[in-house]
Amino acid sequence: MRIAVVPDFEGGGRLQEISSDGGSVGPVREVADLVGTVADYERASGPAPRWVWAATDEVYPPLVERASRVGRCHDIGLVETLLLGYHGRFGEARSLGAAWARLRGLEVPPDPPTRSGTGAEPPLALFSVDRSTLPSGTDQLDALVQVHADQQRRIGRLPEPEKFALLAAVESAGALAAVEMAHDGVPWRAEVHDEVLTAQLGPRPVRGVRPRVLAELARAVGEAFGREVNPDSPAQLLKAFAAIGHPVASTRSWEIGRIDHPVVPLLLRYKELARLYSANGWTWLDAWVRQGRFRPDYVAGGVVSGRWATRGGGALQIPKIVRRAVCADPGWTLVTADAGQLEPRILAAVSGDRALAAAAGSEDLYARLGAVFGARTVGDEAGRQRAKIGMLSAMYGQTGGDAAPLLRTMRQAFPRALDYVDAAARQGEQGRLVRSWLGRTCPPPSPAWRRAVAGDGGEDDAATRRSVRDRGRFTRNFVVQATAAEWALVFLAGVRRRLAAAARNDGEAQLVFFQHDELVLHAPVSMAGECVELLKEAEAETRSLLFGKTEVRFPLDIAVVECYADA
DNA sequence: TCATTAAGCCAC
DNA sequence: AAACGTGGCTTAATGA
């Protein structure tokens, strides 16, 4: 059963039961207490409803705020984005109002501007404002029901409707999880974070002053150069290096690291610490951690490949050293699950390459590949490294450095896998679209790209060739990265469903962090074993839902730890 | 003065 | 070893 719901933003709303194809509809219900009504439906026996609403990030937060969680939903905006993308219409407006306008042949309203993040500040109003793009006077519930029915029809007409329906379901489930994780937050010990910072940088300075260690390093860098230099200024560094007889093309760490001069270690250390200070220092701590929780503002489906993005807080780039501050509450534990070597395993599964699939049946795929790259023994680390670079080159389109001979070896040993990514690259270079396993579609090239490639001769040939190759690398990587992202979404949805079933009462065993191919659960110590089992079950389910019977394995690196840094 | 761009580095 | 995909975020530099 599906239930379309439109909140009135005063605590109530209107609902209507609909069939899954959207065809038959029940009577409209008007309720004053939406939270209670949703909870009643979720508690009722029988199959759980799938809530159909315009946008999860608008409708769901007030429910979660009042401890009313749902199992499943259909997010009209996210599904519209996927459907538009499938037909090469990436970037067109995706709101309910836009979809309704297209359905009715009316002028399509632009999407409302995205709200900005609030940092650690809690949202002001319990019920957010109505950001509907429907023309005033339109029956919002009626529009919702019609657009939903239309989306289901459009999915049904696709070549592989079941796959796309799965994609729509997990994209929506991800949106639910994103709201819940933003609410629950990552357990974060500010005092541990402060200890890490103090150990690295010296005590917290007053506003506007460099921490002691950074100030000392900056002074030492200046002395080594024989002139005053702001180490934060690439332009000044370039001049300073030229002045000491070591001209460099850039001030990137790896390039500077090759220079033999006493300033180099000082500068590299400065860069490392300056990064920590500015990106995840005390300012970040003040802005993003409150009452022992870091609450990232996730943007489900925010990346073209289907990965998530974040708005402020940089939750997807938390440096390793800072993870020391992520600690379970007393009596609780963290259960982390990392899908190791996910992308090459995905390539093995989607390409159907027998040899690669066989290697992907083992725990360490790269080690198994080592033999192909001249490793004499199983533990030959150099052979394993060559295998890894060869594999990554195939998936990322690297051609420089040592990649070329390794790629030739890859092509010989794993022809079908290489054909798969090569074909995607060719499609891209021809300006065509490529899709993930479930049907997420890459954006088309820009009009400027098409003009340049169509080429009336006057264009810069080298630049055009480069943008063609860039596009090829993008589509080459897209087919793998986007499928890996949907593996992660299916997994996430499975874990989330199992956690809800395992909950003994509200608030137990939460999903608190999701980072591309890695999940972190925060659970009472007594539930750790249960969580480990549930993660393994979800992996098995994910594998079979996506790829049916396959030799490929997706081994999870699971750790039960007090601190994330120990995972 | 404020908005935008470039460079650089963090994560996967 | 160092021109290889997706991003976010910060500072310096540039421009209106």
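So you know, we letter chains A, B, ... as the sequences are listed, proteins then strands, and number each from 1.
When the side chain to side chain contact (heavy atoms under 4.5 Å, CB included) test is applied to A:Y396, the partners found at least two apart in sequence or on another chain are A:E343, A:L392, A:N477. The side chain to side chain contact (heavy atoms under 4.5 Å, CB included) check on A:R408 picks up A:A404, A:P405, with sequence neighbours excluded. Here A:W282 pairs with nothing under the ring-ring contact (aromatic ring centres under 6.0 Å, His included) rule; sequence neighbours left out. Residues meeting the ring-ring contact (aromatic ring centres under 6.0 Å, His included) test with A:Y86, sequence neighbours left out: A:F164. Not counting sequence neighbours, the partners of A:D422 by the side chain to side chain contact (heavy atoms under 4.5 Å, CB included) test are A:R411, A:L418, A:R426, A:R476. Not a single ring-ring contact (aromatic ring centres under 6.0 Å, His included) links A:Y277 to another residue, sequence neighbours left out. Residues satisfying the salt bridge (Lys or Arg N to Asp or Glu O under 4.0 Å) criterion with A:D419, sequence neighbours excluded, are absent altogether. Legend: residues meeting side chain to side chain contact (heavy atoms under 4.5 Å, CB included) with A:A413, ordered by chain and number and at least two apart, are A:V372. The ring-ring contact (aromatic ring centres under 6.0 Å, His included) search around A:F414 returns none, not counting sequence neighbours.
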Give each protein N/O atom lying under 3.5 Å from an N/O atom of nucleotides 13-16 of chain C, with the pair distance.
from, atom 1, to, atom 2, distance (Å)
C:dA13, OP1, A:S233, OG, 2.7

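Look at A:R89 and A:E92 and you find a salt bridge, because one of the NZ, NE, NH1 or NH2 atoms lies within 4.0 Å of a carboxylate O, short of that distance.
Residue contacts shown for A:G313 are limited to sugar-phosphate atoms, with no base heavy atom under 4.0 Å away.
Per the geometry, CE belonging to A:M391 stands 19 Å off C1' belonging to C:dA1, to the nearest Å. Look at CD on A:E255: it is 13 Å from C1' on C:dA1, rounded to the nearest Å. In this entry the distance linking CD of A:E486 with P of C:dT6 reads 17 Å, nearest Å. Here the P atom of nucleotide C:dC9 and the CZ atom of A:R311 are 10 Å apart, to the nearest Å. The interatomic distance linking A:Q515 (CD) with C:dT6 (P) rounds to 18 Å, in whole Å. Rounding to whole angstrom units, CG of residue A:L342 and P of C:dT6 are separated by 17 Å. The CE-C1' distance, from A:M395 to C:dT6, rounds to 13 Å in whole Å. Regarding A:L276, its CG atom lies at a distance of 17 Å from the P atom of C:dC9, rounded to whole Å.
Contact between the side-chain N/O atoms of A:R258 and the OP1/OP2 oxygens of C:dA2 is found at a separation under 4.0 Å. An OP1 or OP2 oxygen of C:dG7 is reached within less than 4.0 angstrom by no side-chain nitrogen or oxygen of A:R307.
Ring to ring, A:F554 and A:F491 are not that close: their centroids are 6.0 angstrom or more apart. Centroid-to-centroid, the aromatic rings of A:H193 and A:W284 come within less than 6.0 Å.
A nucleotide of DNA chain B counts as in contact with chain A when one of its atoms lies under 4.0 Å from a heavy atom; the first and last such, 5' to 3', are B:dA7 to B:dC12.
Taking only side-chain atoms of A:S278, from C-beta outward, the nucleotide of C:dT11, C:dG5, C:dC4 with the closest atom is C:dT11.
Annotation: proximity of residues 314-321 of chain A to DNA chain B (heavy atom, distance under 4.0 Å) is found for A:L316, A:Q317, A:I318, A:P319, A:K320, numbered in ascending order.
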